[in-house]
Amino acid sequence: MQETPIRLHTLAHRLRRLPPSCGSVRLVGVDGHAGSGKSTFADCLAGALGGVPVLRLDDIATHDELFAWTGRLLREVVEPLGRGETARYRPYDWRRRDFGPARALPPAPVILVEGVGAGRRALRPHLAQLLWMETPPEDAWARGRRRDGSAQSDFWERWVPAERRHFADDPSEPFADHLVRQCSDGYEVLPRTTGTPVR
């Protein structure tokens with residue numbers, strides 16, 4: 001039977017009430033295909049949660065490590081937060097192709113982790129919940145290409161097969177707690193209460 005969708009403020013209320021998953025922090029993953037609207041949704045959800053931090057995986061990935069950044073994320077962000085410490089990471093500058101100055105990420109009641117791969121198997125044990133943007137890949141990639149313009153066409157030629165390989169090897173959607181759909185007046189969130197694989 002189809003579950004009844006919930007709205008953003010209801011989701012925010014439920015997330016605040018979850019047990020912490022990483023030290024005192026409730027890490028919430030927002031995953032989906034590139035171009036599926038993860039960043040915009042994460043900003044809306046962060047606002048509904050009262051302005052919580054959003055860690056963007058675009059700041060963690062690099063040209064040379066589109067998906068091979070797990071160790072760095074665990075070392076620089078997840079492990080310090082798990083110890084109750086402020087995490088420090090250097091956001092990657094995609095134009096300069098180099099890391100920028102260190103950025104602090106103190107523990108907070110909720111921190112959103114937004115980006116392709118936010119629900120990968122190495123991170124799932126540290127997540128309080130995983131949200132999946134329910135947009136078909138071809139639609140998401142077409143939206144991303146329009147957003148980025150012709151200047152990024154070479155990047156997208158590399159990205160699409162790399163993303164296909166990533167999700168074939170390490171899928172996130174089957175493990176999502178909620179599916180997120182964009183609708184005419186915002187978002188609806190579909191709880192997945194049955195059939196979710198064990199993390």
Side-chain angles (χ1 to χ4, degrees), residues 8 11-12 15 21-22 25-82 86-120 122-124 126-135 137 140-141 143-149 152 155-156 158-160 162-163 166-167 170 172-173 176 178 180 182 187:
L8 208 57
L11 175 64
L15 293 177
S21 60
C22 183
V25 178
R26 295 153 187 84
L27 281 184
V28 176
V30 179
D31 205 340
H33 298 288
S36 61
K38 298 178 302 300
S39 297
T40 303
F41 171 74
D43 287 342
C44 293
L45 180 56
L49 284 161
V52 303
V54 179
L55 173 66
R56 304 194 186 279
L57 294 180
D58 281 353
D59 290 338
I60 304 297
T62 71
H63 282 92
D64 296 326
E65 295 178 321
L66 293 179
F67 291 99
W69 39 257
T70 305
R72 190 155 35 84
L73 180 66
L74 292 174
R75 184 173 61 253
E76 297 178 0
V77 177
V78 174
E79 292 172 6
L81 291 175
T86 295
R88 288 181 173 82
Y89 64 97
R90 295 177 61 198
Y92 185 69
D93 187 320
W94 288 86
R95 295 185 184 279
R96 292 178 50 244
R97 292 177 172 254
D98 197 5
F99 292 98
R103 182 178 297 171
L105 180 63
V110 179
I111 295 177
L112 305 182
V113 181
E114 171 271 313
V116 180
R120 60 177 48 192
L123 296 184
R124 288 197 294 270
H126 307 282
L127 297 179
Q129 290 241 307
L130 174 59
L131 313 177
W132 175 265
M133 303 298 296
E134 197 176 42
T135 304
W141 296 332
R143 183 191 299 174
R145 288 176 185 272
R146 288 193 300 271
R147 175 195 65 202
D148 293 346
Q152 295 296 323
F155 172 80
W156 276 95
R158 271 187 71 211
W159 175 269
V160 169
E163 186 184 304
H166 166 71
F167 281 131
D170 192 353
S172 298
E173 190 274 337
H178 294 83
V180 181
Q182 194 162 8
Y187 298 94

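Numbers here simply count residues along the sequence, with the first being 1.
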Flag, side chain of S21 to backbone of R26, donor-acceptor distance under 3.5 Å: no

Side-chain donor or acceptor of R90 paired with backbone N/O of G100 under 3.5 Å: yes

Evaluate the side-chain proximity of [Y] to [X]: yes if any heavy-atom separation is below 4.5 Å, no if none is.
| X | Y | value |
| --- | --- | --- |
| R103 | D59 | yes |
| R158 | L66 | yes |
| D93 | D98 | no |
| Y89 | L55 | yes |
| P53 | L112 | no |
| L27 | L123 | no |
| K38 | V116 | yes |
| L57 | L73 | yes |

Ion pair R56/D58, N-O distance below 4.0 Å: no

Can you give me the closest heavy-atom contact between [X] and [Y], atom names plus distance?
| X | Y | result |
| --- | --- | --- |
| P91 | P101 | CD-O, 3.2 Å |
| Y187 | C44 | CE1-SG, 3.9 Å |
| P80 | A87 | CB-CA, 4.0 Å |

CZ/R97: more than 12 non-hydrogen atoms of other groups inside 6.0 Å: no

Qualifying salt bridge (charged side-chain N to carboxylate O under 4.0 Å, His left out) pairs, either residue in residues 66-81, two or more places apart: E65-R72

Test ring-ring contact (aromatic ring centres under 6.0 Å, His included) applied to H33 - qualifying residues, sequence neighbours left out: W132, W141, F167

Sequence-distant partners of F155, ring-ring contact (aromatic ring centres under 6.0 Å, His included), two or more places apart: W94, W159

Audit row: L8, L45, side chain to side chain contact (heavy atoms under 4.5 Å, CB included) steps and yes/no: CA-CA 7 Å; L8 208 57; L45 180 56; 4.1 Å; yes

